[in-house]
Amino acid sequence: MQTDALERVRLIFTLFDRNGNGHLEAEDFEIMAADVVEAAPESGAAAKDAMRSAFRQYWRTLVEELDVDRDGEITFDEYTAVVLSPERFDATIGAFAEALATLGDPDGDGLIERHVFHALMAAIGFERANIDALFDAFGPSVADQITVSTWVAGIKDYYNPKKTDIAGDHLVTGAPTA
């Protein structure tokens, strides 16, 4: 497993742990889903519902794959065992990536504006400088937009344990901003 991938998922685990108790539980995913959906006021009901559903699928996948004792809690070590296993997590992360990018494209033109991207990523909990560095790494157009497909691919890359030196590395604290 690449150290880069471990650092990326460590950050995500911390962001998902909304109450800061050191493990993930269903409530953390409901809170984050609500925060992300709230950050997309221009998106339609279907996109918002798909985002909530994707967060729930993410949680269900973790619980079904990992929560052997059925205590409703996932530790960091348990989390990495699934999210860094493409054969166990690809479908879930694909649904999540599609839902998030669709939420970021309220007019359905296939393009995501920086301010919308920023709002959604900030709702997840990423830092502004890191969000801007990631958006820039995606190669925005002159109109300061990225494509939905670029963001979907970037999210999938973020969870791929074999990927290194990817745009998503900009989200990890201390990542280069150039």
Side-chain angles (χ1 to χ4, degrees), residues 1-18 24 28-29 32-33 35-37 39-40 47 50-62 65-66 74-105 110-114 116-140 145-178:
M1 173 187 330
Q2 296 286 335
T3 302
D4 295 347
L6 188 59
E7 290 306 309
R8 292 190 303 258
V9 296
R10 184 181 316 279
L11 173 60
I12 293 296
F13 182 89
T14 301
L15 297 176
F16 272 134
D17 183 13
R18 292 308 239 208
L24 304 180
D28 292 320
F29 287 79
M32 186 176 284
D35 291 346
V36 171
V37 166
M51 187 76 262
R52 287 184 198 98
S53 178
F55 272 108
R56 289 179 185 127
Q57 178 182 346
Y58 196 123
W59 172 247
R60 276 192 312 276
T61 300
L62 293 178
E65 292 283 338
L66 297 173
I74 304 296
T75 66
F76 178 71
D77 289 338
E78 291 171 326
Y79 181 73
T80 59
V82 167
V83 300
L84 292 178
S85 295
E87 68 280 0
R88 297 168 81 184
F89 204 62
D90 273 358
T92 295
I93 203 57
F96 179 83
E98 291 288 342
L100 186 59
T102 298
L103 193 67
D105 181 21
L111 299 170
I112 300 165
E113 289 78 20
R114 183 183 297 264
V116 175
F117 181 86
H118 183 271
L120 293 172
M121 296 296 281
I124 292 171
F126 294 107
E127 298 292 328
R128 180 174 187 94
N130 299 79
I131 296 167
D132 287 335
L134 174 60
F135 194 86
D136 292 340
F138 283 151
Q145 301 167 318
I146 60 169
T147 65
V148 166
S149 61
T150 296
W151 197 10
V152 168
I155 294 168
K156 290 177 179 179
D157 284 351
Y158 190 92
Y159 284 89
N160 187 327
K162 295 178 182 174
K163 295 281 184 162
T164 186
D165 296 323
I166 62 168
D169 289 337
H170 290 283
L171 293 174
V172 180
T173 303
T177 57

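Below, all heavy atoms of this structure are taken into account, side chains as well, without hydrogens, waters or symmetry copies.
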Would you check, one step at a time, whether the test side chain to side chain contact (heavy atoms under 4.5 Å, CB included) holds for N130 with V172? CA-CA 7 Å; N130 299 79; V172 180; 5.9 Å; no
Step by step, work out the side chain to side chain contact (heavy atoms under 4.5 Å, CB included) result for F13 and V9. CA-CA 6 Å; F13 182 89; V9 296; over 6 Å; no
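Between A39 and A119, the closest heavy-atom pair is CB-O, 3.5 Å. Heavy atoms only, all atoms of each residue included: K156 and A97 are closest at CG-CB, 4.5 Å. When all heavy atoms of P140 and R114 are compared, the pair lying nearest together is CG-NH2, 4.0 Å. Counting all heavy atoms, side chain and backbone alike, V36 lies closest to A123 at CA-CB, 3.9 Å. The shortest non-hydrogen separation linking A5 to P161 is CB-CA, 3.6 Å. Contact record, A40 with L120: CB-CD2, 3.9 Å, taken as the closest heavy-atom pair.
Note that the CD atom of E113 and the CZ atom of F135 stand 8.0 Å from one another [nearest 0.5 Å]. A distance of 7.0 Å separates CG in L24 from CG in L62, rounded to the nearest 0.5 Å. Note: F29 CZ to Q57 CD = 12.0 Å, rounded to the nearest 0.5 Å. Rounding to the nearest 0.5 angstrom, the gap separating the CZ atom in F16 from the OH atom in Y58 is 4.0 Å. Atom CZ of R56 and atom OG1 of T61 lie 14.0 Å apart (nearest 0.5 Å). Between the CD1 atom of I131 and the CD1 atom of I124 there is a distance of 8.5 Å, given to the nearest 0.5 Å.
Geometric assessment of R8 against the ring of Y158 yields a positive cation-pi assignment under the 6.0 Å and 45° thresholds.
You'll find the side chain of I12 reaches within 4.5 Å of the side chain of Y159, heavy atoms only. With contacts defined as side-chain heavy-atom distances shorter than 4.5 Å, the pair M32/D28 does not qualify. Taking 4.5 Å as the limit, some side-chain heavy atom of I74 sits within range of a side-chain heavy atom of W59. D132 places a side-chain heavy atom less than 4.5 Å from the side chain of R128. At a threshold of 4.5 Å between non-hydrogen side-chain atoms, the residues H170 and D136 do not count as touching. A heavy-atom distance below 4.5 Å is found between the side chains of F76 and R10. The shortest side-chain heavy-atom distance between I166 and N160 does not fall under the 4.5 Å cut-off. Looking only at side-chain heavy atoms (C-beta outward), W151 and M121 come within less than 4.5 Å of each other.
In this structure, the salt bridge (charged side-chain N to carboxylate O under 4.0 Å, His left out) partners of D157, at least two apart in sequence or on a different chain, are K163. Contacts of S149 classified as side-chain hydrogen bond (donor to acceptor under 3.5 Å, both in side chains), with partners at least two apart in sequence or in another chain: T147.
A distance-only check finds a donor-acceptor pair linking the side chain of D105 to the backbone of G110 [under 3.5 Å].
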